[in-house]
Amino acid sequence: MKPKVGVFSFTSCEGCQLTILNLEDEMLDLLGAIEIVNFREAIDERGHEYDVAFVEGSITTPEEAEEVREIRERTKILVALGACATLGGINAIKNRHDLHQVRRKVYGDGAHHFPTEATQRVRDVVPVEYEMHGCPISKREFLQVTKTLLLGRVPRPSPHAVCTECKTAGNVCLFDKGICCLGPITRAGCGAICPTYGGDCVACRGLVDEPNLASMIEIMKSKGMSRQEVEDRLTQFNTLEPVDLEPHFSS
Amino acid sequence: MKTLVLSKMDVPGLVEALGETARLIGPRKKEHQFVFGQITKPEQLALEYPTTILPPSRQLFPNDEPLVRLRLDDVAASREIVEGEKTILLGVHPCDVQGINILDEVFSDSPPDANYLTRRSQTIIIALECQAPCSPYNLCFDKGTYRLEWGYDLLMIDLGDRYFVFTRTGAGEELIGDLPFFRAATPADREALGRARETQAGSFKTRLAGPVNRLPNALKEAYDDLLWEAVGRRCLSCETCTNVCPTCYCFDVADEVELDLVNGTRCRQWDSCQSCTFAEVAGGENFRPRPSERQRHRLFKKEVYQYEKYGRSACVGCGRCSAQCVASIRLNEMYNQVLGG
């Protein structure tokens, strides 16, 4: 019997689900290996028990927290999918502000109807077997992780920084073009897709296991970035990873 | 050894002729820098280049190289993959030729690496001497790697409107044997070569504060130096220094299966002693958990361990690690600190 797989979505743009649907060349083989029983973007039917649940999005309301706990109870393996689910991502930027003001700004006078809470990663609410990073996730990594899970093995995240994949691709370093890039401290796995096309890495996959933030901040400063600019860059996807800028900017 | 002359006007013709006999790899412009890549049209070739992002030795040791075609249902039916095709590396600078020579030695050592050696045995190297250092970080004068004695098939030296060409191997002579672009060197060409070499010798200068052969002992004496702590505080462990090194050869091996969960491929990926998990072993023990220890290891590997094993330094002084380090960690500065400069 093929393993039953569900794909679920919380607060997010649903781009990671779309990335799965974009696996056009591999979709038939994928459907030969798994049975998708819940996938709002793709099918109507709903299953109730899962071997693997892929959960996209961060948890920002009490209902979402309740729902992800229910999914956890019904699945053997839970994989958090994409930056919103693994890091809090863009959604967590609101955590840097007063949440009442945030609600008023977004919903106006109707704010009391929307009980939005501080953004949480999926793992802040339920135990997670694997986190697949990225905004959006990489197709290649989704397939690798899925196949590894189907074999009953534990997926191995890349131990490298984005710089390694960027060098492997033979790219001109963005620092050599005067652009500050977070590639040196960001988890690899994306194939350095942004720097390859000329965009700086924004750390959407989170930071490497042992980031040397002190050195990175000094480098950003030496490129003329202000405290606010450094903070904005480091927290764009990673608000929930606290960074102490005080020692670097106190005069 | 033959001494020949190639007019620069004939380079496009030569590129086309060589491209018909083999996969031709040479320096190409990429934005404002250069990379080694396949040359399919003469205008892609950029022989007047300072250096490349990755060294040409990486062409012989590609990332993500398949090693074994796997059968998970029948392991005995798995088959090794050893690939190679006739390749010409054109315009390789002397430091990079010596980088390849060092990899030849490492990969020939027991157990020999069939993948590297098969590719290498089908590769012809046309070297190109540099007329001046390409960056403030080169150590090629101190390392004696700005000129070549051996390790190439053909060697080109820029004489302005033409190249002076030495043949070193039978394979090199055979490659250009029937081509109409080369003529025998005349006394006037030799005189021009002498002048070019004089100018060249004047433009390369020592950058080290002490003799290069003192490096192994100087590093050993500096094992507990505070230098490593200072470097470790800056190092981002991004692995760029090792990925761009012409003589780094460490790799990791990983299997990937297809969706049928039966067929798969075992590939090797470049690895780096600068990664925080590189020296981690079963049980979670890590022999070099700190960036300071990993940077020290990098220099010891090049100047002490490989020197003791193969009788020569594994740093060819190309300067890539220093030039491309985002954290401005400079090999020449570290060497000078241990040499007491």
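Sequence lines set the chain letters: A, B, ... in the order given, protein chains first and strands last, and positions in each chain run from 1.
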> Given the rule in the side-chain contact (heavy atoms from CB on, under 4.5 Å) test, do B:Arg233 and A:Asn212 qualify, once you have shown the distances and angles that lead to the verdict?
Replying inline: CA-CA 8 Å; B:Arg233 275 195 292 276; A:Asn212 186 346; 5.6 Å; no
> Does A:Lys2 NZ have over 12 foreign heavy atoms under 6.0 Å away?
Replying inline: yes
> Which pair of heavy atoms, one from A:Lys147 and one from B:Leu261, lies closest together, and at what distance?
Replying inline: O-CD2, 4.0 Å
>> Is A:Leu143 in contact with chain B via its backbone, its side chain, both, or neither, using a 4.5 Å heavy-atom distance?
In response: side chain
> With a 4.5 angstrom heavy-atom cut-off, which part of B:Val35 approaches chain A: side chain, backbone, both or neither?
Replying inline: side chain
> With a cut-off of 6.0 Å (strictly less than), are more than 12 heavy atoms of other residues, nucleotides or ligands near CD of B:Glu31?
Replying inline: yes
> Under 4.5 Å, heavy atom to heavy atom, which residues of residues 64-79 of chain B contact chain A?
Replying inline: B:Asp64, B:Leu72
>> I'd like to verify something: which residue of A:Ala188, A:Cys173, A:Gly170 has the highest number of heavy-atom pairs under 4.5 Å with chain B?
In response: A:Gly170
> Do the non-hydrogen side-chain atoms of B:Leu236 and A:Ile219 ever get within less than 4.5 Å of each other?
Replying inline: yes
> Hey, is CG on A:Leu30 packed in by over 12 heavy atoms from elsewhere, all under 6.0 Å?
Replying inline: yes
> So which part of B:Val244 gets closer than 4.5 Å to some heavy atom of chain A, the side chain, the backbone, both or neither?
Replying inline: side chain
>> Would you compute the distance between atom OG of B:Ser237 and atom NE2 of A:His160 and round it to the nearest 0.5 angstrom?
In response: 12.0 Å
>> Pair B:Ile53, A:Asn171 - check side-chain contact (heavy atoms from CB on, under 4.5 Å), show working.
In response: CA-CA 8 Å; B:Ile53 299 171; A:Asn171 291 334; over 6 Å; no
>> Regarding B:Glu239 and A:Lys167, does a basic nitrogen lie under 4.0 Å from an acidic carboxylate oxygen?
In response: no
> Considering all heavy atoms of both residues, which atom of B:Leu259 and which atom of A:Glu26 are nearest to each other, and what is their separation?
Replying inline: CD1-O, 3.9 Å
>> Tell me the closest heavy-atom pair linking B:Cys238 and A:Ala161, and the distance in Å.
In response: CA-CB, 4.3 Å
> Does some side-chain heavy atom of B:Gln269 sit less than 4.5 Å from a side-chain heavy atom of A:Thr168?
Replying inline: no
> If you look at every heavy atom in B:Pro289 and A:Glu210, which pair is closest and at what distance?
Replying inline: O-OE1, 3.8 Å
> Is it the backbone or the side chain of B:Glu258 that comes under 4.5 Å from a heavy atom of chain A, or both, or neither?
Replying inline: backbone
> Ion pair present between A:Arg153 and B:Asp255, side-chain N to carboxylate O less than 4.0 angstrom?
Replying inline: no
>> Counting heavy-atom pairs closer than 4.5 Å to chain A, which one of B:Val257, B:Thr277, B:Asp260 comes out on top?
In response: B:Val257
>> Determine whether B:Arg234 and A:Glu218 satisfy the following criterion, side-chain contact (heavy atoms from CB on, under 4.5 Å), listing intermediate values before the conclusion.
In response: CA-CA 9 Å; B:Arg234 278 153 60 201; A:Glu218 288 301 319; over 6 Å; no
>> Whether A:Arg140 and B:Glu256 form a salt bridge (side-chain N of Lys/Arg under 4.0 Å from carboxylate O of Asp/Glu) is what I want to check.
In response: yes
> Checking heavy atoms, do the side chain of B:Leu54, its backbone, both or neither come under 4.5 Å from chain A?
Replying inline: side chain
> Under a 4.5 Å heavy-atom cutoff, which of B:Ser328, B:Cys235, B:Gly37 has the most pairs with chain A?
Replying inline: B:Cys235
>> Ignoring hydrogens, what is the shortest heavy-atom contact between A:Ser215 and B:Ala327? Give both atom names and the distance.
In response: OG-CB, 4.3 Å
